[in-house]
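Every number for a ligand or one of its atoms is a count from 1 in the order of the listing. Residue numbers count from 1 along this sequence.
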Amino acid sequence: MCWGLRNRLSHIIKEDGHTVMLAVDHGYFLGPTTGLEVPGKTIEPLLPHADSLMLTRGVLRTSVDPVAPIPIVLRVSGGNSIIGKELSDEDITVSFEDAIRLNVSAVALSIYIGSEYEHRTIVNLSRLVDEGEKYGIPVLAVTAVGREMARDAKYLGLCCRIAAEMGAHFVKTYYCEDFEKVVESCPVPLVIAGGKKIPEKDALKLAFDVVNHGAVGVDMGRNIFQSENPVAMIRAVRAIVHEKASVDDAYELYKGFKRE
Ligand code: R5P
């Protein structure tokens, strides 16, 4: 791995080998998601507590202070919508030149294994990796799950392994039973999405389980910004991911932080 690529990856996955990425890219196919109606308002208080911010260039340009010291993971795939015919109908939507102009630490693209446009999304991942290698920018493959797909170790293991084989530098997936098997068979670091909003203590348990079963951390969105107290929630997630806090201790922390 070239120096620039390793350097950029180290902005995201910290010295302790772990990371708390904040995902706020939902609008690219969901529109104004609950909690992200005014992205800048949601993002600003969370920034000091996130290791990186995953978002689209539109929200980056309009809603994030360019001098904020936050590594950016730029979503560069899209072209679909929640009301469209086929979720997997995605393509690359941002040029590498623009990603470089935006000084990103990584780019992210979804692959849809087992869906109609599987082939295109996998080939796009490989093309992006070629570009990433050329300029020293890591590529995050997001293993997107089609509406009918089971989120089990067999399926997620298949998605993560294909992503790694195509050259992704790190992979985002979902937690599942027998998650160690997914980790074992994927030779690059894994981060986990939080999924739909669940009670805070359950989301903290999810963060605990993922790091204790081999993921390097979380790339969490709704369970942070849709929480009753988003700042307290991201701080509690950090305590688990970076400070090895127990679920009970992190939940106590969550309850103890006043709403900012
Ligand atoms: C998925 O395609 C996007 O990257 C989402 O923004 C991300 O997976 C969502 O994070 P969460 O499930 O924690 O809201």
Less than 4.0 Å is my threshold; does some heavy atom of Ala144 fall inside it relative to ligand 1?
no
Cationic tip of Arg235 above Tyr254 ring, under 6.0 Å, 45° of axis:
no
Under 4.0 Å from a heavy atom of [X]: which atoms of ligand 1 are those, numbered in the order shown and with their elements?
X	result
Gly194	11 (P), 12 (O), 13 (O)
Ala193	8 (O), 12 (O), 13 (O)
Met54	4 (O)

Give the single entry among Arg222, Met220, Arg75, Lys197 that approaches atom 1 (C) of ligand 1 most closely by any heavy atom.
Arg75
From the candidates Lys196, Met21, His26, the one that places a heavy atom nearest atom 10 (O) of ligand 1
His26
Using the ring centroid of each side chain, check whether Tyr112 and Tyr117 are separated by less than 6.0 Å.
no
Taking only Lys NZ, Arg NE, NH1 and NH2, and the carboxylate oxygens of Asp or Glu, determine whether Arg161 and Glu165 approach each other closer than 4.0 Å.
yes
Is it true that Arg75 and Ser77 share a donor-acceptor pair across their side chains at a distance under 3.5 Å?
yes
In terms of residue, atom name and distance, what is the protein heavy atom nearest to atom 5 (C) of ligand 1?
Asp25 OD1, 3.4 Å
For atom 8 (O) of ligand 1, what's the nearest protein heavy-atom neighbour? Residue, atom name and distance, please.
Lys172 NZ, 2.8 Å
Before signing off on this row, confirm whether Asn223 and ligand 1 have an N or O atom pair separated by under 3.5 Å.
no
Of Met54, Met220, Met21, which is the lone residue that meets side chain to side chain contact (heavy atoms under 4.5 Å, CB included) with Val191?
Met21
What's the separation between atom NZ in Lys172 and atom OH in Tyr174, rounded to the nearest 0.5 Å?
6.5 Å
What is the ring orientation for His213 with Tyr175, classed by angle as parallel under 30°, tilted 30 to 60°, or perpendicular over 60°?
tilted
